[in-house]
Amino acid sequence: MDNTIDYMDQASFLGLRARGRDPLIRWCWIYDHEVDLVALRRFHHNLGQGLLGRRIERSPLPFGRDRWVAWPGLPDIEIAPAARPRSDFRAWAAEQAVVSIDPERGPSWRLAVLPFTEGGAAVVLIVSHTIADGGGAVVAVTDAAKGITHDLGYPPPASRTRFQAVRQDARVLIRGLPEVAKSVLAALRLARKDGTAAVRQKAPAIPAQAGLERQVFVPSVTIQVDVEQWDKRAGELGGSGPTLLLGFGARCGKGLGWLGEDGMVNISIPISERTPGDTRANALTNVTFTIDPDEVTSDLSGARVKFKEALQGLDEGGNELLGPLPLVPFVPQSAVRRLEGMVLKSKEVACSYLGDQDPATNRPDGTDAASTYLLPFEQGITFGDLRRADGIFHPLISGRVDGRMWIAIGFSNAEGTTTRDELEVVARGALDDMGLSGTVE
């Protein structure tokens with residue numbers, strides 16, 4: 001099996017090394033009863049025998065494509081040394097979020113458990129986005145919970161001599177030159193179409209001041225809504241389940257001041273391209289458009305039409321932004337950092353809708369958890385990062401399982417002063433605006 005990583009995954013890894021931080025996925029399960037640790041260890045083992053069971057091994061060539069190697073995970077799940085009150089869950093989850101995750105050096109994923117003093121427990125899975133996107137994590141968890149494992153055919157780490165690695169990677173590099181030539185043309189077309197010479201722009205400068213390297217933690221909240229209520233309200237507003245999420249995201253964007261200069265909300269929607277047996281870590285593209293945050297409270301038909309038009313354009317012409325991807329191995333890290341500064345300034349609200357999940361995703365130990373959700377976040381965000389990006393709005397991610405619709409939101413303003421209580425107020429306000437009721441945690 002060819003273990004050369006995909007261009008999109010190479011871009012994800014390059015971005016991690018250039019920025020010094022990696023988008024991560026934190027999947028949480030809250031149990032009201034004692035967790036079956038024997039079954040959970042089976043789940044942990046199975047996770048290492050699927051999409052998560054790998055790490056990245058660097059090419060010895062400066063512009064070589066990196067490769068996947070097998071890595072089944074840490075020897076065991078990590079159990080907190082002492083039970084803690086359930087009210088400590090957020091603090092414990094924050095502690096887990098700062099434990100190093102690295103798709104190259106490892107661990108690229110980890111599973112941890114916190115028993116509650118009142119009974120029950122929390123289970124947390126943290127995965128590098130360079131190893132699996134949200135859709136990939138769902139596949140991995142579903143298979144592991146069902147006892148399904150896969151031999152992906154990856155070699156063990158350091159199984160090639162340097163001479164073998166140089167020779168093999170040079171062949172891959174030479175074979176890919178026609179793609180590189182096409183990607184140069186694609187990049188030139190994008191530059192001409194954009195007309196802003198974005199490649200020559202610099203990341204926004206910020207005044208020198210003390211404390212820019214101080215790390216900050218982006219606060220987050222999760223929301224649980226009854227699926228029947230969600231679908232009924234979507235129909236009343238002339239939309240669907242996914243477009244109601246766009247409306248909710250737009251109201252959150254307005255409540256947080258995350259708007260374009262025209263008062264509209266810039267929506268970005270990741271579109272999964274994952275197929276059965278797909279081993280790409282990031283198998284997705286995306287569409288973008290703007291919607292009126294005031295219109296969605298009474299009518300979702302406009303947002304629905306824009307979403308359909310964006311999808312139609314994707315079907316007809318593909319995502320032209322993916323054309324330059326074969327250039328990724330040749331991009332210097334300084335250019336990646338400049339690009340990040342420009343992209344984050346766009347103030348997009350990314351709405352990631354995972355849809356209906358297999359009930360198995362709520363049963364890591366074989367029994368149903370009381371609640372579950374995924375939450376995107378990043379390690380190593382500094383105050384300087386917040387200032388350069390003018391704030392950070394993590395992708396608003398949502399899914400449905402066991403009759404519940406869960407939504408997770410993470411946000412911090414440019415000053416790093418946003419609190420979880422403030423975010424909760426915005427989330428509750430967005431629910432009210434959309435005519436919904438739910439639990440905000």
Rounded to the nearest 0.5 Å, the CG atom of Leu111 sits from the CD atom of Gln96 at a distance of 10.0 Å

Would you sort out whether Asp36 and Arg42 count as a salt bridge (Lys or Arg N to Asp or Glu O under 4.0 Å), showing the intermediate values?
-> CA-CA 10 Å; Asp36 184 339; Arg42 284 197 298 269; 5.3 Å; no

Does the side chain of Ser220 reach to within under 4.5 Å of the side chain of Ile409, using non-hydrogen atoms?
-> no

What's the verdict on side chain to side chain contact (heavy atoms under 4.5 Å, CB included) for Ile269 and Phe307, showing C-alpha distance, side-chain angles and the deciding distance?
-> CA-CA 9 Å; Ile269 306 177; Phe307 188 17; 3.6 Å; yes

Close side-chain approach of Arg251 and Val296, heavy atoms under 4.5 Å | yes

Once you round to the nearest 0.5 Å, how far does CE of Met264 lie from OG1 of Thr290?
-> 4.0 Å

Salt bridge (Lys or Arg N to Asp or Glu O under 4.0 Å) between Asp6 and Arg280, intermediate numbers included | CA-CA 7 Å; Asp6 181 78; Arg280 291 176 293 171; 5.1 Å; no

Value for CZ (Arg363) from OG1 (Thr372), rounded to nearest 0.5 Å, stands at 12.0 Å

Taking the side chain as every heavy atom from C-beta outward, state whether Asp385 and Val216 have any atom pair closer than 4.5 Å.
-> no

Consider only side-chain N and O atoms of His44 and Asp76, and report whether a donor and an acceptor are under 3.5 Å apart.
-> no

Provide the closest heavy-atom pair for Ile25 versus Ala132 in the form atom of the first, atom of the second, distance.
-> CD1-O, 3.6 Å

Any side-chain donor-acceptor pair under 3.5 Å between Asp133 and Asn282?
-> no

Mind running salt bridge (Lys or Arg N to Asp or Glu O under 4.0 Å) on Lys146 and Asp143 for me, showing each step along the way?
-> CA-CA 5 Å; Lys146 290 183 172 182; Asp143 285 349; over 6 Å; no

Side chains of Thr130 and Ile56 in contact at under 4.5 Å (non-hydrogen atoms) = yes

Step by step, work out the side chain to side chain contact (heavy atoms under 4.5 Å, CB included) result for Phe377 and Arg26.
-> CA-CA 7 Å; Phe377 71 104; Arg26 182 170 66 194; 3.4 Å; yes

Roughly how far apart are Ile267 CD1 and Leu246 CG, rounded to 0.5 Å?
-> 5.5 Å

Test salt bridge (Lys or Arg N to Asp or Glu O under 4.0 Å) applied to Arg86 and Asp32, step by step | CA-CA 10 Å; Arg86 185 164 178 162; Asp32 288 337; 2.8 Å; yes

Check whether any side-chain heavy atom of Leu431 sits under 4.5 Å from a side-chain heavy atom of Leu436, and report yes or no.
-> yes

Is Val227 close to Asp356 at the side-chain level, that is, under 4.5 Å between some pair of heavy atoms?
-> no

Ignoring hydrogens and angles, state whether a donor on the side chain of Thr419 or Asp421 is under 3.5 Å from an acceptor on the partner side chain.
-> no

In a check of side-chain contact (heavy atoms from CB on, under 4.5 Å) between Thr418 and each of Glu415, Glu422, Arg420, which one passes?
-> Glu422

At their closest point, which heavy atom of Leu374 faces which heavy atom of Ala408, and how far apart are they?
-> O-CB, 3.1 Å

Do the side chain of Lys306 and the main chain of Phe289 share a donor and acceptor less than 3.5 angstrom apart?
-> no

cation_pi(Arg400, Tyr353) dist<6.0 Å, angle<=45 = no

What's the shortest heavy-atom distance between Asp169 and Pro60, and which atoms?
-> OD2-CD, 3.4 Å

Is the shortest side-chain N to carboxylate O distance from Glu378 to Arg19 below 4.0 Å?
-> yes

Are any of the side-chain nitrogens in Glu424 or Arg428 under 4.0 Å away from the carboxylate oxygens of its partner?
-> yes

More than 12 heavy atoms of other groups within 6.0 Å of Glu95 CD = yes

Taking side chain as C-beta onward, heavy atoms only, is Leu125 less than 4.5 Å from Trp29?
-> yes

OH of Tyr7 to CG of Asp9: how many Å apart, nearest 0.5 Å?
-> 12.5 Å

Nearest atoms (heavy-atom pairs only) where Val221 meets Ala427 | CG2-CB, 4.1 Å

Backbone N/O of Gly416 and side chain of Asn413: donor-acceptor pair under 3.5 Å = yes

NE2 (His150) with more than 12 external heavy atoms under 6.0 Å | yes

Does the ring of Trp68 carry Arg54 above it, NZ/CZ under 6.0 angstrom from centre and within 45° of its axis?
-> yes

Sidechain-backbone polar pair: Trp230 side chain, Gly241 backbone, donor-acceptor under 3.5 Å = yes

What's the verdict on ring pair (Phe, Tyr, Trp, His ring centres under 6.0 Å) for Trp258 and Phe411, showing C-alpha distance, side-chain angles and the deciding distance?
-> CA-CA 10 Å; Trp258 205 250; Phe411 175 83; 5.5 Å; yes

Check whether any side-chain N or O of Gln229 sits under 3.5 Å from a backbone N or O of Ser437 as a donor-acceptor pair, and report yes or no.
-> yes

Would you say the side-chain atoms of Arg90 pair up with the backbone N or O of Glu441, donor to acceptor, closer than 3.5 Å?
-> yes

To the nearest 0.5 Å, tell me how far Ser398 OG sits from Ile223 CD1.
-> 9.0 Å

Between His129 and Ser12, is any side-chain donor less than 3.5 angstrom from a side-chain acceptor?
-> no

Test item: Asp102 side-chain N/O and Arg105 main-chain N/O as donor-acceptor pair under 3.5 Å = yes

Quick one: are Glu273 and Thr275 in side-chain contact, heavy atoms under 4.5 Å?
-> no

State whether the side chain of Gln168 and the backbone N or O of Ala165 hold a donor-acceptor pair below 3.5 Å, judged by distance alone.
-> no

Given side chain to side chain contact (heavy atoms under 4.5 Å, CB included), test Leu354 with Val138 step by step and report yes or no.
-> CA-CA 8 Å; Leu354 297 178; Val138 169; 4.0 Å; yes

Residues Tyr154 and Arg67: side-chain donor-acceptor under 3.5 angstrom = no

Do you know the tightest heavy-atom contact between Trp27 and Ala137?
-> CZ3-O, 3.6 Å

Taking every non-hydrogen atom, the tightest pair across Arg55 and Ser108 = CG-OG, 3.8 Å

Please check if the side chain of Glu213 supplies one atom and the backbone of Thr382 the other of a donor-acceptor pair under 3.5 Å.
-> no

Check the side chains of Asp365 and Tyr31 for a donor-acceptor pair under 3.5 angstrom, ignoring hydrogens and angles.
-> yes

Identify whether NZ of Lys or CZ of Arg in Arg84 sits under 6.0 Å from the centre of the six-membered ring of Phe116 and within 45° of that ring's axis.
-> no

Are Trp406 and Ser371 close enough that a side-chain donor and a side-chain acceptor fall under 3.5 Å?
-> no

Could Glu236 and Arg233 be called an ion pair, given the rule that one side-chain N must be under 4.0 Å from one carboxylate O?
-> yes

Between the side chains of Asp66 and Gln10, is a donor N or O closer than 3.5 angstrom to an acceptor N or O?
-> yes

For side chain to side chain contact (heavy atoms under 4.5 Å, CB included), just list the numbers for Ser59 and Arg65, CA-CA rounded to whole Å, side-chain angles, deciding distance to a tenth of an Å, and then say yes or no.
-> CA-CA 6 Å; Ser59 170; Arg65 301 269 296 280; over 6 Å; no

